[in-house]
Engineer: 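Quick one: the structure is below, and I'll ask about it shortly.
Note that ligands are numbered from 1 as they come in the structure, with each ligand's atoms numbered from 1 the same way.
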Amino acid sequence: MFRSSQFNSTHSAIHVESVSKAYSQSWAKRRAGVTLPPALADVSLAVAPRESVAIVGVNGSGKSTLVRILATLTTPDAGNVRVFGHDVVREATLVRTFINRVSVEASFFKQMSPWENLVYAGRLYGRTGKEIEERATALLQRLGLPRHAVHRPMNGLSRGQQQKVAIVRSLLSSPAILLLDEPTTGLDPRSKHEVQDVVQEMHRETDLTVVLCTHDLAEAEALCSRIIVLDHGKLIGDGTPDNLRTQNGLSPQTTLEQIFLTMTGRTFLEDEESREEAS
Ligand code: ADP
Ligand code: MG
């Protein structure tokens, strides 16, 4: 099994050791003799405080499952997961105070405006009205959300605008770790850049540890110094793009897409095409 060279149990923001997770399958599938491979199989990794790490892999490789385990939304079948030394299963309530997650489809009170959603969330996080107003105003401005959109019902906003509100909301809790699960998937190029810029700025200017799941290899390389490759639930690579090139005997000019192809035998494009055929 590939084991990350950066695997280190002490002083980690995130410590994942030998984690496996399989989803139960339907009765009909079991009866038909279909056996699903596990979503995660013996995955170990560690993330240091203030690191920015991208988790890349084709659809179904286990990225969201790993993020959901870190966010205490699901539990591993085996293994050990710690956030700042705290167990995600036994100390889930405490772990939730360190993390926030933005997923590809953020949920909101859709009849309420972005501002109302932010005030509601900020109150839940224990912020005062003044703190929420100052922080939300600054973040919304930085993300380029038009002023008129802030007080309209959420369901009238574009997906890009909704995703920006989701990022602002996640940052209102001042998390130590931000888990971003495909935050720019489906966004137009401009919104995508605005979201990427704010993630980069937050990482540069604060103590935020960032874990970014993405399909977009250019985004992974631009935003994160370290790339973790998942394939069929297994961790098959972990390091800087240069580390990955060296580990796979590739030249310094090799693109991340070519590295990915060498490691998995597939390109992201082929994955997109097979998904389109299946749908
Ligand atoms: P990714 O985020 O990389 O696309 P996921 O973690 O969502 O991967 O999925 C990993 C595997 O687990 C896939 O085979 C997927 O079909 C399966 N899976 C994910 N969520 C569920 C679920 N709630 N129930 C059953 N199977 C699931
Ligand atoms: Mg996913």
Engineer: What heavy-atom pair brings Thr72 and Arg96 nearest, and what distance separates the two atoms?
Structural biologist: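 Minimum heavy-atom contact is OG1-NE, 2.8 Å.
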Engineer: Against heavy atoms of Val58, which atoms of ligand 1 measure under 4.0 Å?
Structural biologist: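 Once the distances to Val58 are compared, the set is 3 (O).
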Engineer: Can you tell me if Arg68 has a non-hydrogen atom under 4.0 Å from ligand 1?
Structural biologist: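 The answer is yes: ligand 1 sits under 4.0 Å from a heavy atom of Arg68.
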Engineer: State plainly whether the residues Asp242 and Arg245 are in salt-bridge range, i.e. N to O under 4.0 Å.
Structural biologist: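 Arg245 and Asp242: salt-bridged.
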Engineer: Taking Arg135 first and then Glu131, would you say they form a salt bridge - that is, a charged N and a carboxylate O separated by under 4.0 Å?
Structural biologist: no
Engineer: Does Lys192 come within less than 4.0 Å of Asp216, counting only side-chain N to carboxylate O?
Structural biologist: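 A salt bridge is present here (some side-chain N lies under 4.0 Å from a carboxylate O).
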Engineer: Is the distance between the Mg ion (ligand 2) and the nearest N/O/S atom of Asn59 smaller than 2.8 Å?
Structural biologist: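 It does not: Asn59 brings no N, O or S atom closer than 2.8 Å to the Mg ion (ligand 2).
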Engineer: For atom 6 (O) of ligand 1, what's the nearest protein heavy atom and its distance?
Structural biologist: Thr65 OG1, 2.5 Å
Engineer: Check each atom of ligand 1 against the heavy atoms of Ser64 and keep those under 4.0 Å away; list them by number with element.
Structural biologist: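 Counting atoms of ligand 1 from 1, those under 4.0 Å from Ser64 are 1 (P), 2 (O), 6 (O), 7 (O).
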Engineer: Are the side chains of Thr75 and Ile69 in contact, using a 4.5 Å heavy-atom criterion?
Structural biologist: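 Side-chain contact under 4.5 Å: no.
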Engineer: Can you tell which of Gly62, Gly60, Ser103, Gly233 gets a heavy atom nearest to atom 11 (C) of ligand 1?
Structural biologist: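 Among Gly62, Gly60, Ser103, Gly233, the closest heavy atom to atom 11 (C) of ligand 1 belongs to Gly60.
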Engineer: Within a distance of under 4.0 Å, is there any protein heavy atom near atom 21 (C) of ligand 1?
Structural biologist: yes
Engineer: Just jot down the ligand 1 atoms closer than 4.0 angstrom to any heavy atom of Ala39, in number order.
Structural biologist: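 Checking each atom against Ala39, I get 10 (C), 11 (C), 12 (O).
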Engineer: When you measure from atom 27 (C) of ligand 1 to every protein heavy atom, which one gives the shortest distance, and what is it?
Structural biologist: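 Checking every protein heavy atom, the shortest distance to atom 27 (C) of ligand 1 gives Tyr23 CD1, 3.2 Å.
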Engineer: Could you check atom 3 (O) of ligand 1 against the protein and tell me its nearest heavy-atom contact, residue, atom and distance included?
Structural biologist: Lys63 NZ, 2.8 Å
Engineer: Which ligand 1 atoms are under 4.0 Å away from a heavy-atom of Ser61?
Structural biologist: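 With Ser61 as reference, the close atoms of ligand 1 come out as 1 (P), 3 (O), 8 (O).
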Engineer: When you check the gap from the basic side-chain N to the acidic O, do Arg226 and Asp238 get nearer than 4.0 Å?
Structural biologist: yes
Engineer: Under the ring-ring contact (aromatic ring centres under 6.0 Å, His included) test, which residues partner Phe98, sequence neighbours left out?
Structural biologist: Phe84, His86
Engineer: Are Arg169 and Tyr125 in a cation-pi contact, defined as NZ or CZ under 6.0 Å from the six-membered ring centre and within 45° of the axis?
Structural biologist: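 Judged by the rule, Arg169 and Tyr125 form no cation-pi pair.
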Engineer: Out of all atoms in ligand 1, which are within 4.0 Å of some heavy atom of Asn59? Include the element for each.
Structural biologist: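 Within the 4.0 Å cut-off of Asn59, ligand 1 contributes 4 (O).
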